[in-house]
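So the structure is just underneath, and the comments pick up after that.
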Amino acid sequence: MDRAMVGFTTDVDGHWIALLDCGHRQHVRHDPPLVERLWVTTEDGRRGRLGQHLECARCDAFELPEHFVAYKQTPDFTEATIPAALRKNHATKPGVWGRIVVTDGRLRYRVAALNRTFELVPGTVGIVLPAVPHHVEPIGPVRFHVEFLHAPPESA
């Protein structure tokens with residue numbers, strides 16, 4: 001999944017890492033002849049790449065950024081109380097992830113843009129990618145809630 005570069009930092013060895021708008025980090029080394037990224041070696045080069053996209057394999061794998069923290073949670077929903085907005089395609093804001101936690105029953109979680117469908121049951125968490133349309137459908141009686149996560153303020 002393509003994600004925008006929003007900043008840069010370095011690792012302990014001084015290698016450049018792109019900060020992506022999803023919260024993941026990705027090395028962007030200039031390592032000729034294997035990788036030609038001369039732009040990463042200068043401040044102007046890096047600044048010129050802000051807003052451009054890189055493929056984020058961690059988003060493709062529905063992997064939460066490890067440093068993100070929960071900041072809000074919905075009330076429990078049942079098959080009778082699921083808001084209509086959750087039953088049709090909707091998305092979180094950029095930089096906001098979610099965890100769909102089923103406590104009883106079964107829930108279908110669809111991410112049509114990525115052609116992915118998950119059946120969620122207790123113990124199987126649905127990961128909501130930032131800014132990617134998705135929706136849920138009950139499969140009989142169900143009880144679930146959604147937790148929202150973002151980068152902690154000191155790492156934002």
Side-chain angles (χ1 to χ4, degrees), residues 1-37 39-40 46 49-74 76-77 82-83 85-139 142-156:
M1 167 173 295
D2 282 347
R3 295 296 190 173
M5 291 182 273
V6 296
F8 295 91
T9 189
T10 55
D11 66 13
V12 295
D13 297 320
H15 298 288
W16 285 102
I17 298 172
L19 306 175
L20 304 179
D21 66 352
C22 59
H24 290 123
R25 300 161 185 248
Q26 184 172 320
H27 276 97
V28 285
R29 294 180 178 96
H30 174 61
D31 189 18
L34 301 175
V35 179
E36 290 284 338
R37 288 189 178 129
W39 59 265
V40 80
R46 291 186 299 277
R49 294 294 172 130
L50 292 175
Q52 292 189 14
H53 290 84
L54 288 176
E55 181 68 23
C56 183
R58 289 185 169 143
C59 280
D60 289 342
F62 287 74
E63 181 182 318
L64 280 169
E66 58 191 40
H67 62 289
F68 273 39
V69 296
Y71 70 93
K72 185 166 76 170
Q73 178 177 311
T74 68
D76 281 351
F77 299 120
I82 299 174
L86 298 186
R87 292 177 182 258
K88 61 182 182 180
N89 273 342
H90 63 283
T92 62
K93 295 177 182 175
V96 175
W97 287 74
R99 278 193 293 239
I100 305 170
V101 180
V102 174
T103 54
D104 191 40
R106 298 182 308 149
L107 185 70
R108 186 170 293 117
Y109 166 44
R110 293 185 191 263
V111 187
L114 301 176
N115 198 29
R116 300 286 303 269
T117 300
F118 304 91
E119 186 173 311
L120 305 180
V121 296
T124 304
V125 175
I127 302 298
V128 177
L129 301 167
V132 176
H134 61 279
H135 68 275
V136 297
E137 305 163 4
I139 307 171
V142 68
R143 181 175 300 281
F144 72 98
H145 65 268
V146 182
E147 301 169 352
F148 297 97
L149 301 94
H150 65 173
E154 64 274 4
S155 71

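The structure displayed is predicted, hence computed values, not measured ones.
- Of all heavy-atom pairs between Phe144 and Val136, the closest is CZ-CG2, 4.3 Å.
- Residues satisfying the ring pair (Phe, Tyr, Trp, His ring centres under 6.0 Å) criterion with Phe118, sequence neighbours excluded, are Phe62, Tyr109.
- You'll find the side chain of Trp97 reaches within 4.5 Å of the side chain of Cys59, heavy atoms only.
- Nearest approach of Gly105 to Pro122, heavy atoms of both residues: O-CD, 3.3 Å.
- Contacts of His53 classified as side-chain hydrogen bond (donor to acceptor under 3.5 Å, both in side chains), with partners at least two apart in sequence or in another chain: none.
- Arg108 is linked by a salt bridge (charged side-chain N to carboxylate O under 4.0 Å, His left out) to Glu137, counting only residues two or more places apart in sequence or in another chain.
- Applying the salt bridge (Lys or Arg N to Asp or Glu O under 4.0 Å) definition to pairs two or more places apart or across chains, those involving residues 117-133 are Arg106-Glu119.
- Summarising the geometry of Val111 relative to Pro133, their closest heavy-atom pair is CG1-O, 3.8 Å, with the distance given to 0.1 Å.
- Residues Arg3 and Leu129 are in side-chain contact: their nearest non-hydrogen atoms beyond the backbone lie under 4.5 Å apart.
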For the pair Val142 and Asp104, evaluate side-chain contact (heavy atoms from CB on, under 4.5 Å) and give the outcome as yes or no after the intermediate values.
CA-CA 5 Å; Val142 68; Asp104 191 40; over 6 Å; no
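- A search for salt bridge (charged side-chain N to carboxylate O under 4.0 Å, His left out) contacts involving Arg46 returns Glu43, not counting sequence neighbours.
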Could you tabulate the donor-acceptor pairs under 3.5 Å formed by side-chain atoms of residues 7-14, not counting sequence neighbours?
{"from": "Asp11", "atom 1": "OD1", "to": "Asp13", "atom 2": "N", "distance (Å)": "2.9"}
{"from": "Asp11", "atom 1": "OD1", "to": "Gly14", "atom 2": "N", "distance (Å)": "3.0"}
{"from": "Asp11", "atom 1": "OD1", "to": "His15", "atom 2": "N", "distance (Å)": "2.8"}
{"from": "Asp11", "atom 1": "OD2", "to": "His27", "atom 2": "NE2", "distance (Å)": "2.7"}

Could you go through Val102 and Arg143, starting from their C-alpha distance and side-chain angles, then the distance that decides it, and tell me whether this counts as side-chain contact (heavy atoms from CB on, under 4.5 Å)?
CA-CA 6 Å; Val102 174; Arg143 181 175 300 281; over 6 Å; no
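- Residues that satisfy the salt bridge (charged side-chain N to carboxylate O under 4.0 Å, His left out) test with Arg87, not counting sequence neighbours, are absent from this structure.
- Under the side chain to side chain contact (heavy atoms under 4.5 Å, CB included) criterion, Ala70 pairs with Arg99, Leu149, not counting sequence neighbours.
- Under a 3.5 Å cut-off, the side chain of His90 and the backbone N or O of Lys88 do form a donor-acceptor pair.
- Side-chain contact between Pro130 and Pro94 is absent, with no heavy-atom pair separated by less than 4.5 Å.
- Within the model, atoms CH2 of Trp39 and CD of Glu36 stand 13.0 Å from one another, a figure rounded to the nearest 0.5 Å.
- Looking at residues two or more places apart in sequence or on another chain, you find a side-chain hydrogen bond (donor to acceptor under 3.5 Å, both in side chains) between Asn89 and His135.
- For the pair Leu107/Ile100, a side-chain contact is recorded, criterion being any heavy-atom separation below 4.5 Å from C-beta on.
- Once rounded to the nearest 0.5 Å, the distance linking CG of Leu54 with CD of Gln26 reads 5.0 Å.
- The closest donor-acceptor contact from the side chain of His134 to the backbone of Val132 lies under 3.5 Å.
- Annotation: side chain of Val128 is in contact with side chain of Thr92 (closest heavy-atom distance under 4.5 Å).
- With sequence neighbours excluded, no residue satisfies salt bridge (charged side-chain N to carboxylate O under 4.0 Å, His left out) with Arg49.
- Contacts classified as salt bridge (Lys or Arg N to Asp or Glu O under 4.0 Å) and involving residues 50-62 (residues at least two apart or in different chains) are given here: Arg58-Glu63.
- Between Val146 and Gln73, every side-chain heavy-atom pair lies at or beyond the 4.5 Å cut-off.
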